[in-house]
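Each ligand, and each atom within it, is numbered from 1 in the order the structure gives. Positions are given from 1 along the sequence.
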Amino acid sequence: MKAVIPVAGLGTRLRPHTFTVPKPLLHVAGKPIIAHIIDNISGLPIEEIILVYGENGESVVDFVREYWKGTVKGVLQRELMGLGHAVYQTKDLINEKDRLLVILGDTIIEGESIKSSSLDRDFIAVKEVDDPRRFGVVELDEEGYIRGVEEKPDRPKSNLAIVGLYYFTSTGLLFEGLSYIMERDIKTKGEYQLTDALAYMLERGWRPLAVRIEGWYDCGKPETLLETNRILLGKTGSKYEIPGSLIVPPVFIEKDVEIKNSIIGPYVSIASGAMISNSIVTDSIINREAIVENISMTSSILGQKAQVKGGLRRFNVGDFSKVELG
Ligand code: UTP
């Protein structure tokens with residue numbers, strides 16, 4: 001089985017971090033997003049991972065080559081023309097008879113959910129959401145098979161959103177569908193969508209199952225990255241004791257971190273080389289070699305070598321006065 005992971009997107013919603021680091025290499029709960037993704041599919045019989053990367057994204061391929069023991073290939077998507085276009089770039093590396101998993105590079109799906117699904121049927125992973133209009137949405141028949149798909153519909157036919165994990169027991173019809181939308185220039189919301197190729201496949205008798213996924217964590221926006229950090233630390237965060245500081249679990253602290261006279265946690269992930277002193281840090285991601293001094297900080301993401309320094313304030317406040325600092 002092969003796995004295609006499209007990681008070419010610009011990650012505009014995670015700027016400024018994605019100006020310097022490709023989104024899949026951003027840290028969450030102690031390791032890069034792509035490392036979580038690979039750990040979660042490591043229980044599956046995957047022989048080869050193909051990454052579709054964009055300009056400046058070769059570092060993601062290098063990282064995965066170091067991190068994963070199987071064969072890793074990279075394909076450059078020169079122009080970002082949509083997810084369907086990204087998957088199409090892999091056509092020369094995939095045979096018709098290959099089994100194929102396509103998994104988005106900014107979505108962490110818990111390993112258990114993937115393992116429990118059967119690999120002898122094609123499937124699309126879905127989750128019930130309150131507002132499906134932001135997602136690809138599936139429509140099911142009476143037996144639970146998918147009979148329709150639509151990308152970000154104004155009037156969704158169900159509340160089952162496509163979570164970014166697709167499985168094909170063979171790939172002939174998939175690449176036929178992708179060629180079809182590209183040759184006829186079929187775009188939705190300005191992009192060649194994978195969903196449109198899937199609709200083509202359904203019209204020609206493809207019958208995938210909808211597999212409901214529980215653990216699905218989006219990393220596409222600062223708020224969702226921090227939420228994913230909270231959830232994953234809640235599952236995996238370790239206990240730490242640092243003399244002179246108070247560490248409130250769950251947190252993740254990598255080696256070579258210096259913490260002095262501070263309160264850290266809950267829900268803080270700190271990468272190696274970071275230095276924190278005289279500060280209170282909760283619900284935050286602190287990347288490598290960042291410096292935090294004299295500040296109280298929450299719901300924050302600090303990039304590599306970023307520095308945030310506050311100061312102690314001096315007051316001389318009379319009886320019955322009120323001082324409120326925002
Ligand atoms: P998104 O739609 O989330 O886009 O892509 P993005 O560029 O990553 O993020 P924003 O919207 O600018 O903030 C979903 C997944 O599909 C990949 C992305 O890398 C991401 O893993 N993708 C998307 C491609 O590889 N190529 C494309 O042309 C589009």
**Request:** Select one of side chain, backbone, both or neither to describe which atoms of Ala86 lie under 4.0 Å from any atom of ligand 1, heavy atoms only.
**Result:** side chain
**Message:** Side chain or backbone, does Thr12 bring an N or O within less than 3.5 Å of an N or O on ligand 1?
**Reply:** yes
**Request:** Answer yes or no: does an N/O atom from Gly9 fall short of 3.5 Å to an N/O atom of ligand 1?
**Result:** yes
**Message:** What I want to know is whether Leu104 and ligand 1 share at least one N or O pair that is separated by under 3.5 angstrom.
**Reply:** no
**Request:** Specify the protein heavy atom at minimum distance from atom 5 (O) of ligand 1: its residue, its atom name, and the distance to 0.1 Å.
**Result:** Asp106 OD2, 4.4 Å
**Message:** How far is atom 16 (O) of ligand 1 from the closest protein heavy atom, and which atom is that?
**Reply:** Leu83 CD1, 3.7 Å
**Request:** Indicate the ring-plane relationship of Tyr240 and Phe252, choosing parallel, tilted or perpendicular according to the 30° and 60° boundaries.
**Result:** perpendicular
**Message:** List ligand 1 atoms under 4.0 Å from Leu80, heavy atoms only on the residue side.
**Reply:** 28 (O)
**Request:** For Gln89 and His85, indicate whether the former's side chain and the latter's backbone hold a donor-acceptor pair under 3.5 Å.
**Result:** yes
**Message:** Considering Glu191, Gln89, Lys23 one by one, which has a heavy atom nearer to atom 9 (O) of ligand 1 than any of the others?
**Reply:** Lys23
**Asked** Is there a nitrogen or oxygen of Gly220 sitting under 3.5 Å from a nitrogen or oxygen of ligand 1?
**Response** no
**Asked** Do the side chain of Thr228 and the main chain of Asp218 share a donor and acceptor less than 3.5 angstrom apart?
**Response** yes
**Complete:** closest protein heavy atom to atom 7 (O) of ligand 1 is Leu10 N, 2.9 Å
**Nearest neighbour in protein (non-hydrogen) for atom 11 (O) of ligand 1** = Arg13 NE, 3.1 Å
**Min heavy-atom dist Gln77 to ligand 1 below 4.0 Å** = yes
**Message:** Yes or no, since that's all I need: does a protein heavy atom fall within a distance strictly under 4.0 Å of atom 28 (O) of ligand 1?
**Reply:** yes
**Request:** Examine distances only and state if a side-chain atom of Glu139 and a backbone atom of Gly148 form a donor-acceptor pair shorter than 3.5 Å.
**Result:** no
